[in-house]
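This one's a predicted model, so the numbers in the text were calculated from it and none came from an experiment. Residue numbering restarts at 1 for every chain, and letters A, B, ... go by the order of the sequence lines.
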Amino acid sequence: MEVDPRRIHAGVIKANTAGASQYRFHLNNLITLYFKSGLVAEAVNVFHQIPSPNVVSWTSLISGHSNTPFGLGYFISMLRHPTLPNQRTIAIVLKTCASLPSLFFGLQIHALSTKLSLASEPFSASALIHFYSKTQLPTNAQKVFDEIPERDAVCFSSVIVGLAQNSKPIDALSYFAEMRACGFGSTDYSVSAALRASAELASLEQCRMVHAHSVVNGLDSNVIVGTALVDGYGKCGMVDEARLVFDQLVSILNLIGWNAMMSSYAQQGDKDSVTELFSMMEYRGQSKWNSGDRAMRAMTTGNTKIGSVGEFFHRLGLFDLGSWPRSCPKRLNHQAVCPNSCSSAMH
DNA sequence: TTAGGGTTAG
């Protein structure tokens, strides 16, 4: 049953007899709840009701605006408040920098993380690796990983994914082997990336090894691993094995999986199988996913009317981020760019 | 005690 955040909000107001920190704790949770329900204005409103927002309050607010320039704007407001970020805040801001993408802002965040001794913490480091991978700087990503003293499975997965995405399959598989040697269990992220690397090498033996590994670890029925398997076998020229995986997982595969299977046939010049599969896809109504995917992409890439990150900060009068002010010399005109929310957080 | 990092095609 769906929880209505407004009912919870009413309960928090009624029960506001506890101390200030307890009240803030409940409001922080409410911010997240409102964002998850798509009630952005209400979430921002709750933030402004917190007398003394802490790092969790700010991170919740920034997270609700992740992947949009507003998230970066709120991060600057947080620094000016002043509240120092922790590795969770850094992670969500870097995720936004990777998604926009904004190399310039991300580099500033890396510098700040280093100053705050957060660049090697698992959460911020894995986000840094992701950021450098998305900005096509895999050597930087690798350097960040190598400097993490205590790595976890996500750090490993991030570097494997990043190297595989940047056409460094040998390095990716080397980290995949290291991850296992260090005793970490494989994840759907690391396995799908290892398959992508194997596919780029067109190494059938490697594909089969990772496939067997995914079966042992119970990951072979995962939709993304399954798609990577179809793609991997296809690129190794083993279209029958690709089809075997495809048929086993057809009930859960999405448009990407169908495309991977059709590409496998196309690479063999088997146009009859391609058209047959395409007809089957249309019959099942799967071709409709195309528009769905486009809509999803528009939603997740920060589809605002503002042309670029640079334009956004130019409008805020903050174009030169190289010189962050220590005090608050200038009030930002948040209403000009975000008329539906309060402006006092943006200073 | 809350917030939070990494995947599949072309």
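Distances were taken from every side-chain heavy atom of A:Pro122 (C-beta onward) to each of B:dG5, B:dA3, B:dT8; the shortest belongs to B:dG5. Picking from B:dT2, B:dT1, B:dG5 the nucleotide with the shortest atom distance to the side chain of A:Ala91 gives B:dG5. Closest to the A:Val56 side chain, of the nucleotides B:dA3, B:dT7, B:dG5, is B:dA3. Distance from the side chain of A:Arg88 is smallest for B:dA3 among the nucleotides B:dG5, B:dA9, B:dA3. The side chain of A:Cys155 lies closest to B:dG5 when the candidates are B:dG10, B:dG5, B:dT1. Closest to the A:Ile92 side chain, of the nucleotides B:dT2, B:dG6, B:dG5, is B:dG5.
In this structure, A:Phe184 atom CZ and B:dG6 atom C1' are separated by 14 Å, rounded to whole Å. Between the C1' atom of B:dT8 and the CD1 atom of A:Ile256 lies a distance of 6 Å, rounded to the nearest Å. If you measure from atom CD of A:Gln267 to atom P of B:dA9, you get 12 Å, rounded to the nearest angstrom. When rounded to the nearest whole Å, the span between NZ of A:Lys134 and P of B:dG6 equals 10 Å. Residue A:Lys36 contributes atom NZ, which lies 12 Å from atom P of B:dT2 at whole-angstrom precision. Rounded to an integer number of Å, the gap from CG of A:Asp152 to C1' of B:dG5 is 8 Å. Atom pair A:Asn254:CG and B:dT7:C1' shows a separation of 12 Å (rounding to whole Å applied). Protein atom OH of A:Tyr233 is 16 Å distant from nucleotide atom C1' of B:dT8, rounded to whole Å.
Within the structure, a side-chain polar atom (N or O) of A:Lys235 is placed less than 4.0 Å from OP1 or OP2 of B:dG10. For A:Arg196 and B:dA9, the shortest distance from a side-chain N or O to OP1 or OP2 is below 4.0 Å. Regarding contacts with the backbone of B:dT7, a side-chain N or O of A:Gln165 is found under 4.0 angstrom from either OP1 or OP2. Residue A:His130 places no side-chain N or O under 4.0 Å from the OP1 or OP2 atom of B:dG5.
Annotation for A:Gln268: atom CD counts as buried by contact number, over 12 foreign heavy atoms lying within 6.0 Å.
A donor N or O paired with an acceptor N or O is not found under 3.5 Å between the base of B:dT8 and the side-chain atoms of A:Ser192. For B:dG5, its base sits under 3.5 Å from the side chain of A:Ser126 at one donor and acceptor pair at least. Evaluation of atom-type donor-acceptor distances gives a pair under 3.5 Å for the side chain of A:Thr187 against the base of B:dG6. Judged by distance alone with a 3.5 Å cut-off, a donor-acceptor contact links the side chain of A:Asp188 to the base of B:dT7. With hydrogens and angles ignored, a donor-acceptor pair under 3.5 angstrom links the side chain of A:Ser157 to the base of B:dG6. One donor-acceptor pair, N or O on each side, does fall under 3.5 Å between the base of B:dA3 and the side chain of A:Asn86.
Here the CD1 atom belonging to A:Ile76 is positioned 12.5 Å from the CE atom belonging to A:Met78, to the nearest 0.5 angstrom.
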List, one per line, each side-chain donor-acceptor pair under 3.5 Å for residues 169-182 of chain A, sequence neighbours excluded.
residue: A:Tyr175; atom: OH; partner: A:Asp146; partner atom: OD1; Å: 3.0
residue: A:Glu178; atom: OE2; partner: A:Arg151; partner atom: NH1; Å: 3.4

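Contact annotation for A:Asn222: no contact, since no heavy-atom pair falls under 4.0 Å across all strands. Among the heavy atoms of the strands lying under 4.0 Å from A:Ser263 are primed sugar atoms or P, OP1, OP2 only; no base atom is included. Within the nucleic acid shown, A:Val161 comes within 4.0 Å of sugar-phosphate atoms alone, with no base atom in reach, counting heavy atoms only.
A heavy atom closer than 4.0 Å to some atom of DNA chain B occurs in no member of residues 199-219 of chain A.
The aromatic rings of A:Phe47 and A:Trp58 sit perpendicular, their planes meeting at an angle over 60°, well past the 30° parallel limit.
Side-chain contact check for A:Cys97 versus A:Leu72: some heavy-atom pair is nearer than 4.5 Å.
Between the side chain of A:Thr96 and the backbone N or O of A:Ile92 there is at least one donor-acceptor pair closer than 3.5 Å.
Each of A:Val191 and A:Leu201 belongs to its own hydrophobic cluster when Ile, Leu, Val, Met, Phe, Trp and Tyr are linked at side-chain heavy-atom distances under 4.5 angstrom.
No aromatic stack links A:Phe25 and the base of B:dT2, using centre distance under 5.5 Å and interplanar angle under 30°.
For residues 224-248 of chain A, the set of pairs meeting the side chain to side chain donor-acceptor pair (under 3.5 Å) definition, not counting sequence neighbours, comprises A:Arg208-A:Glu241, A:His211-A:Tyr233, A:Asp231-A:Lys235, A:Arg243-A:Asp247, A:Arg243-A:Tyr265.
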Test log, rule salt bridge (charged side-chain N to carboxylate O under 4.0 Å, His left out), inputs A:Glu147 and A:Lys143: CA-CA 6 Å; A:Glu147 289 173 357; A:Lys143 193 163 182 293; 3.2 Å; yes
